[in-house]
Amino acid sequence: MIFKRIIFSLLYNDRCFNLSRNFRLQKVGDIQWIKNNYGFGETASQIDELIITNVTRNLSKKDQNDFFHDINNLRKKIFVPLTIGGRIKDFEYAKNCFKNGADKILINTSIFDDINLVNKISNVYGSQAITVMIDVKKEGNEFFCYKECGEKKQTKLDQKFVKFLKKIKCGEIIINSIDNDGNGAGINLDLLNFFSEKFSKPLLLMGGAGKPEHIWETLKNKKVSGVVTANLFNFLGTGLKIARDECIKQGIKLPSFKETK
Amino acid sequence: MKNKIVHILDCGFGNISSVENAFNFLMVKNKTISNLDESDKITHLVIPGVGNFKSAIKKIKSKNIEKKINELSKKKCFILGICLGMQIMFEYGDENGGSKGLGFFKGSCKKFIFKKNPLPIPHVGFNLVKKPKTKIWKKIDKEAPFYFIHEYRIGNEIKKLNTKCFFGITNYQEDFVSYIENSNGNVFGAQFHPEKSQKNGLKFLENFSQLS
């Protein structure tokens, strides 16, 4: 049995959680706000995994510590796998992410700038501990990969790049559509055309999920292991439970989680 | 029942805080230790683990705790190895050129072998565990989802080598051993992460903490 996954992603910037639309951030609230207004405990009992990405610019040592403080606060009652990402540019910080509860870390810029860092982390923590996120944007009929939180265009998404992805010592790959980010209008399944069914790593899609059908339509695709959504308003509260139940009704193999105490 | 202390062994290769959080949530007293110098007092020991077999065993050996763990396993101490913590309980691990394990169970830990239609490796995500009927599985469904993340696994063939043990089986194109328990009912290995497995995982850890 292989289950598919619904993963929730939180965007963290300057001690607040954010909504993102085409990679432009909008502050929503701090950690207490998330807990109070959206009953994150309940949401967390309906997800397969949680990703927290820190997109704070010029992350200082103090910012890092504040971030870990907030994460540790949030995850006390969340018993799902946690991926921490954003601005991971040296081994020391990666190590601290693992120390502060990360099961996996999310890498984007370093696959372009410092593949040795990825190798080093993989050698110590195992390749399954690394999730690679590729941010892509459409131009004409082509897709381009970006680094630095979507700020710098890097390379064309083509077979050569897919080959490169295959070789990276990572456990899974998330393809995130900058164009669909936060628009809630559906997930771009065209991105899957670049990958064969034999692609050796689990593949996840992110960007554009706004309704339950966006999630189950995507999960029905054989190539997809999971869907990642960061859509706070659509899916916090009971939204994810409804989406999950609908997916199961549609025949998607998802583990069924009864309410936690 | 809640006055027992679960000791969590931190050898520098585990995701300790998640396990601590789970026991805290369950209101089970727990203490993280980096050596087994005061092993006399330990009734419940958890060995969490992520990373690779060879470096984990190296760390265990460098801290001189291999002998102590062996002693504890022969006493009435309940020992639970999680993920890599389970794998190192076997005789041998193939990862990184191979190395000897603790040898509580016979057999070795190998990479998944797919003859046809290879599935993605590592095996990541929730998968069903067909559980045995032992105390630690009390009030958990016959087939319940638990979270896995691993590249190496204990193959089904080891069942023949450990005839008196109890097994939990999971299928990832092939059946593999996702749970093992010795005949004395005091040494347990879980390939899955109970601390990351929602309600079922918490129940599993609670049951472990209540063993006596």
* Passing option when H123(B) is tested against F148(B), F146(B), F114(B) for ring pair (Phe, Tyr, Trp, His ring centres under 6.0 Å) ->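 Result: among F148(B), F146(B), F114(B), F148(B) is the only option passing the ring pair (Phe, Tyr, Trp, His ring centres under 6.0 Å) with H123(B).
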
* Asked: Which of parallel (below 30°), tilted (30 to 60°) and perpendicular (above 60°) describes Y125(A) and F98(A)?
  ->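 Parallel: the ring planes of Y125(A) and F98(A) meet at under 30°.
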
* Any idea how F188(B) and F78(B) line up, ring-wise: parallel (<30°), tilted (30 to 60°), or perpendicular (>60°)? ->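 Parallel, since the angle between the ring planes stays under 30°.
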
* Asked: Of the listed residues (N171(B), I16(B), I149(B), N21(B)), which shares the most heavy-atom pairs with chain A below a 4.5 Å separation?
  -> N21(B)

What part of [X] gets within 4.5 angstrom of chain A, counting heavy atoms only: side chain, backbone, both, or neither?
| X | answer |
| --- | --- |
| Y147(B) | side chain |
| S17(B) | both |
| E195(B) | backbone |
| N127(B) | both |

Measure distances from [X] to the heavy atoms of chain B and classify the residue's part below 4.5 Å as side chain, backbone, both or neither.
| X | result |
| --- | --- |
| D103(A) | both |
| R5(A) | side chain |
| L254(A) | neither |
| S127(A) | both |
| V80(A) | both |
| K99(A) | backbone |
| E49(A) | side chain |

* To do: Start with the C-alpha gap between E174(B) and R153(B), add the side-chain angles, then the distance that decides, and say whether salt bridge (Lys or Arg N to Asp or Glu O under 4.0 Å) holds.
  => CA-CA 11 Å; E174(B) 54 166 28; R153(B) 94 295 184 243; 2.5 Å; yes

* **Pi-cation contact, F91(A) with K120(A) (under 6.0 Å, within 45°)** =>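 Yes, a cation-pi geometry holds between K120(A) and F91(A).
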
* Residue pair R87(A) / N54(A): nearest heavy atoms and the distance that separates them ->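 Residues R87(A) and N54(A), closest heavy atoms: CG-O, 3.6 Å.
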
* Asked: More than 12 foreign heavy atoms under 6.0 Å from NZ of K106(B): is that the case here?
  ->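 No.
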
* To do: Please indicate whether K110(B) has more than 12 foreign heavy atoms, meaning atoms of other residues, nucleotides or ligands, lying under 6.0 Å from its NZ.
  =>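 Count not over threshold, so no.
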
* Asked: Do the two ring centres, one from F90(B) and one from Y92(B), sit under 6.0 Å apart?
  -> no

* Of all of S122(A), G171(A), G101(A), G126(A), which one pairs up most often with chain B through heavy atoms under 4.5 Å apart? ->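 Winner by heavy-atom pair count: G101(A).
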
